[in-house]
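The structure appears below as structure tokens.
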2 protein chains.
Amino acid sequence: MKQIRREHHLARTDRAALDSVLDAAAVGTLATVVDGLPWVVPMLYARDGDRVVLHGSTGAGALRHVAAGAPAAFCVTLLDGIVVAETLFESTANYRSAVVRGNLTVIDQPDAAHALDLMSDALIPGRSSEVRSSTKKELAATLAIALPIEPEGWTVKVRDAPPPRPEAQADHGGWAGVVPLRTVAGDPVPAPWVTPETDTPESVRRLIKGT
Amino acid sequence: MKQIRREHHLARTDRAALDSVLDAAAVGTLATVVDGLPWVVPMLYARDGDRVVLHGSTGAGALRHVAAGAPAAFCVTLLDGIVVAETLFESTANYRSAVVRGNLTVIDQPDAAHALDLMSDALIPGRSSEVRSSTKKELAATLAIALPIEPEGWTVKVRDAPPPRPEAQADHGGWAGVVPLRTVAGDPVPAPWVTPETDTPESVRRLIKGT
């Protein structure tokens, strides 16, 4: 099986490719170094122009450490398809991945309130205009952090192609191709206290159509 | 918006929960430390009993470094739903995530051949019995590495619940609930050289049914 980073021509160097990958996913993996060891955590995020914004609880010790200027790497991966070749060796995956490297910084108010709205709208587009703004107490309980997107600070790889044909003629024959994968939304499940006559909000209807 | 690690009661400590998360995903993020900085890469993987097996090209420098006993953390995240609360602050995601921490080791032959078959079958179940085994040349070009699953070396978090109800009565009202997300396979796309009369293999038919 071909490892997904093997094909080096898959690297994309245009900034639009980075933005497109970052804007397509909702969750990524934040990595940093704590006491010399790698430390990772999955996080919801949003891209805000030239930065990735993330948020954590102000009570989370490790995250506070991360936010204090520590070097970080943030990785986003979308698995787009399973690439079935005529041999195991040439089989692989179609995917989009981005890594952003830099030093995290804490976002102060009032910028933090903006960043948090942006993260909400990345997860549930339009939701921030349907409900009240976050209160001071809520904002105080949330640590908004930013990872700057710097010119040399990111890598993008995209594989979007049929399987490679095996070199040996003897291996040719049989089926080969791609099984595309995509994420779809199911029917929304109302919380137990929501009465049947309550309208599903526009943001939720859009989520279902949009996936 | 509630960050996905906020609710500490989400931790699962039974090994079956770890196996279940690891066995449900195909791609994860491997993190290590290179020159004091965090280094991350998305990787296809499989669980093989008490270890996570990964593979890379023997030509990949950074991966060779990783395989040389460096401390690593491997993170897998499945986004299962969007949790729409009555406030932005209480909105979050349903997810399953696992982090395995340990030191990577290179897998030698003949164990490596077994590990590579296992990785193929994790991506395309049953495919290894439909095509020939990997050749010595193919095996020599592939670096199989293992991350041991040790008793204290992993963490699992699972959120699978309705939105939290906001504390303030004033915030109650309107719709709240979960939009479930799942990954589905589309119609397989044959490679350009595959003739229309070529049968889709059983493994590919299973992939489509299984997602």
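Just so it is clear: chains get the letters A, B, ... in the order the sequence lines come, proteins before strands, and each one is counted from 1.
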B:D117 and A:L88: CA distance, side-chain angles, deciding distance, side chain to side chain contact (heavy atoms under 4.5 Å, CB included) verdict: CA-CA 8 Å; B:D117 277 0; A:L88 298 181; 3.4 Å; yes
Under a 3.5 Å distance rule, please check whether A:R127 uses its side chain to pair with a backbone N or O of B:A85 as donor and acceptor.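 Side chain of A:R127 to backbone of B:A85, a donor-acceptor pair under 3.5 Å: yes, one is there.
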Looking at [atom1] of [X] and [atom2] of [Y], how far apart are the two atoms once the value is rounded to the nearest 0.5 Å?
X      : Y      : atom1 : atom2 : answer
A:W39  : B:R101 : CH2   : CZ    : 11.0 Å
A:M43  : B:S97  : CE    : OG    : 12.0 Å
B:T142 : A:F89  : OG1   : CZ    : 4.5 Å
B:T32  : A:L37  : OG1   : CG    : 9.0 Å
B:T200 : A:W175 : OG1   : CH2   : 6.0 Å
B:T183 : A:L78  : OG1   : CG    : 10.0 Å

Checking heavy atoms, do the side chain of [X], its backbone, both or neither come under 4.5 Å from chain A?
X      : answer
B:V194 : side chain
B:P38  : both
B:D171 : side chain
B:E86  : both
B:A72  : backbone
B:R165 : both
B:V83  : backbone

Before giving the answer on side chain to side chain contact (heavy atoms under 4.5 Å, CB included), spell out for B:V131 and A:T87 the whole-Å C-alpha distance, their side-chain angles and the decisive distance to 0.1 Å. CA-CA 6 Å; B:V131 295; A:T87 62; 5.7 Å; no
With a 4.5 angstrom heavy-atom cut-off, which part of A:S128 approaches chain B: side chain, backbone, both or neither?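 When you check distances to chain B, atoms from both the backbone and side chain of A:S128 fall under 4.5 Å.
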A:E167 versus chain B, the contacting section by heavy-atom distance below 4.5 Å: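 When you check distances to chain B, only side chain atoms of A:E167 fall under 4.5 Å.
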Between B:S120 and A:S91, is any pair of side-chain heavy atoms under 4.5 Å apart?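 Counting from C-beta outward, B:S120 and A:S91 never come under 4.5 Å.
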If every non-hydrogen atom of [X] is compared with every non-hydrogen atom of [Y], which pair is closest and at what distance?
X      : Y      : result
B:V33  : A:G36  : CG2-O, 3.7 Å
B:G174 : A:T198 : C-CG2, 3.5 Å
B:A185 : A:V179 : CB-CG1, 3.7 Å
A:W193 : B:P164 : CH2-C, 4.5 Å

Of the listed residues (B:G173, B:A176, B:A26, B:A161), which shares the most heavy-atom pairs with chain A below a 4.5 Å separation?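 Heavy-atom pair counts peak at B:A176.
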Max heavy-atom pair count under 4.5 Å with chain A, selected residue of B:V76, B:V189, B:V84: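 The candidate making the most pairs under 4.5 Å is B:V189.
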Which one wins on heavy-atom pair count under 4.5 Å against chain B: A:P188, A:A191, A:P162, A:P180?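 Among A:P188, A:A191, A:P162, A:P180, the one with the most close pairs to chain B is A:P180.
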For chain B, the option from A:G28, A:G81, A:P163 that forms the most heavy-atom pairs under 4.5 Å: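 Highest number of pairs under 4.5 Å: A:P163.
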Looking at A:I124, A:I208, A:L44, which one forms a side chain to side chain contact (heavy atoms under 4.5 Å, CB included) with B:I82?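 In the set A:I124, A:I208, A:L44, the residue that makes a side chain to side chain contact (heavy atoms under 4.5 Å, CB included) with B:I82 is A:I124.
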